[in-house]
Amino acid sequence: MKETAVKAYRAMEMARAFDTKLSALYKAGKMYGGVFLGRGHEAVAACEAVFLNKGQDVYNPFIREQAGRCAWGESVLESARSYLGSTSGCMRGRDGNIHWGKPAEGMPAPISHLGAMVSVVAGMIMAKRMQGHSGMVGVLNIGDGTTSVGATHEGCNVVAVEQLPIVIVVTNNQFAYSTPNSQEFACKSLTDRGRGYGFTTHECDGTDFVQTLTTMQRAITAARNGEGPQWVVAETLRMCGHGEHDDATYIPAELKAAFAERDPLAVARRQMVQHGWLTEAELAAIQEECAAEVQHCMAQAQKEPTPVPSETDWSATSWKPSRY
Amino acid sequence: MSVTYIDAIHQAMAELMEEDSKVFLYGEDVSGVFGGAFKATKGLAERFPGRVRNAPIAEDAIMGLAIGAAIGGMKPIVEMQFADFGILALNQMCNNAAAHYFRTGVPVNVTLRMPCGGTPGGGPYHSQMVETLFAHFPGVHVFAPATVADAYYMLKQAVAIPDPVVFLEHKYLYRWLKADTWLDPAPLPIGRARIVRPGRHATVVTYSAMVPEALKAAEELSATSGYHIEVVDLRTVKPIDTDTILASVARTGRLLVVSEDFPWGGVAAEVVARVASEGLHLLDAPPLRLSSKESPVPYHPDLWKAHRPHSEDIAAAVRYLITL
């Protein structure tokens, strides 16, 4: 477990360092549009993706899964490129911020419409199954808000009916933008929803690194071994606004206080040392390396060319009729 | 021995599956001995085990799964039971599939078959034309065949094109439209309209089930008034073959566009706008449109017949056009 834990922890530090840099650039007015951070989601994201194999599996991170993207094996350079619209990046300024992916490598580029990617991941896994592959798994992130969307319901039901090896991770960060759980759903627990679809369900404290790591391992292994779709509900708090434009004043002070000691990064650092996986000095070294890597990647992306409208191929289809 | 429009669609799907193991069929009730609400897929489940798959009633997820499968290298053909229900897949088609190539550089090879248009007793939710809705978004091609041979060749071409294609099959034509064969010694390429009847007094541009109505009107006008009407079948409403339309208008000087869709906006408006902006000097009279009424499609056959354009309405509109 040590190697996996270190890899996941490193992804968490990288994501936190990247978020810190993004926030600073946003406040300096150097970003286009919104900036969306994953503070509070790092353990969930890193621990789900660390068990995946690029080339075999499908991973669909969304708005707050920068740590998952890192654990999946993507450099923060790609995220920086997406935010800055670099033509060296995979979205080439045509889409941006968290909406980037490499579909051919098993990481789709999520659209904004919540829930829409559930069935897309189902289709990507179904394609592998129809092509005779086995042992693959698809991991998809949704949040408490996304569980309310009709597309989510349709997609989850299809996953269950087809018995696809998919793990749906519901990160309950207590707020869908500004809407609290109490106004988002009325079932006792979001775990009930997974059970209702026919998934095997798991729960974890998404701020507890080790608990999250073992829960994700159990769920992903089960899906990989043919035990059908798995549903993981991870509880955490969004420790930032919906985006950096949002000061999140609607989050009650008591709730913030209740999570004050539960920052996933702080918990993970403590647990890495407690388990003897890393020393304090090694933690500090990793943090320094991540900060330097983020600095380097952001500087690199800032130097790269941005799209030139007159040189852009505006075709929306690959097959081009003589005229539309 | 004659074949019908739906026979041609069935034959095209059987050949597509025979020729390419990546092709599969997905939709409600398409599998088993049932073979679809209109029996277009009957017998195919037995012939191609595992490749004709029933879906739950989940139009959004059906389309989403097909998108994912296409990203994963498959070539899904989706059947919506009725085009009216396909509206529930509009988000996946237009925001996800259609946007995908421009955003990521990866085309989504999905063919969305939708039985459209009115039949007696169909009512508001089993009768609508949806080409305008789908064609509005960049990144999608929209086909609306009006002949048995076009139904066959254009479905094969739809799957051969790597982009999302909306394939609108008119229910009225399914069994009413017959031909000796679906084979055509010289099938037209996608993007070319067909002059189905040459003429010199006026041009009628139309598509789908309005093509036989326009031909009937042209015959009646020829027999009763000596007017020779040129009938242009668009075949694809996106792309629109503007060159063929303009060439026809150059010969006749008069234009009527007939559509079974609702009047506001749409293909008829688009054709008139193109001719007005690119060929105003070719016109001897204002270009006219004839569409269904600005009300939901009614249930009772008498109301329905009055709601949609009919050959007599087309003939009357042409007579008026010629007086202008």
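So that the names make sense, note that chain A is the first sequence line, chain B the second, and so on, each numbered from 1. Treat the numbers as computed from the prediction; the structure is a model and nothing was measured.
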Check whether [X] gets within reach of chain B through its side chain, its backbone, both or neither, counting any heavy atom under 4.5 Å.
{"X": "Trp314(A)", "answer": "both"}
{"X": "Met91(A)", "answer": "both"}
{"X": "His99(A)", "answer": "both"}
{"X": "Val121(A)", "answer": "neither"}

- Got more than 12 heavy atoms from elsewhere within 6.0 Å of OH, Tyr125(B)? no
Select, from [options], the one with the greatest count of heavy-atom pairs under 4.5 Å involving chain B.
{"options": "Ser315(A), Ala104(A), Gly106(A)", "value": "Ser315(A)"}
{"options": "Glu162(A), His153(A), Lys102(A)", "value": "Glu162(A)"}
{"options": "Gly123(A), Gly150(A), Cys156(A)", "value": "Gly123(A)"}

Looking only at non-hydrogen atoms, find the nearest pair between [X] and [Y] and report the distance.
{"X": "Asn96(B)", "Y": "Met117(A)", "value": "ND2-SD, 3.9 Å"}
{"X": "Val140(B)", "Y": "Thr317(A)", "value": "N-CG2, 4.0 Å"}
{"X": "Gly155(A)", "Y": "Ala61(B)", "value": "N-CB, 3.9 Å"}
{"X": "Trp319(A)", "Y": "Asp163(B)", "value": "N-OD2, 2.8 Å"}
{"X": "Leu65(B)", "Y": "Ala122(A)", "value": "CD1-CB, 4.1 Å"}
{"X": "Met130(A)", "Y": "Gly50(B)", "value": "CE-O, 3.6 Å"}

So for [X], is it side chain, backbone, both, or neither that comes closer than 4.5 Å to the heavy atoms of chain A?
{"X": "Tyr26(B)", "value": "side chain"}
{"X": "Ala55(B)", "value": "neither"}
{"X": "Pro56(B)", "value": "side chain"}
{"X": "Leu88(B)", "value": "neither"}

- Item | Any donor-acceptor N/O pair, Arg92(A) side chain to Phe102(B) backbone, under 3.5 Å | yes
- Item | Gln131(A) (side chain) donor-acceptor with Gly72(B) (main chain) under 3.5 angstrom | yes
- Relative to chain A, which of Ile190(B), Ile57(B), Thr236(B), Ile67(B) shows the most heavy atom pairs under 4.5 Å? Ile190(B)
- Query: When only pairs under 4.5 Å are counted, which of Lys22(B), Arg53(B), Met63(B), His100(B) shares the most heavy-atom pairs with chain A?
  - Reply: Arg53(B)
- CE-CE distance between Met74(B) and Met124(A), expressed to the nearest 0.5 angstrom: 13.5 Å
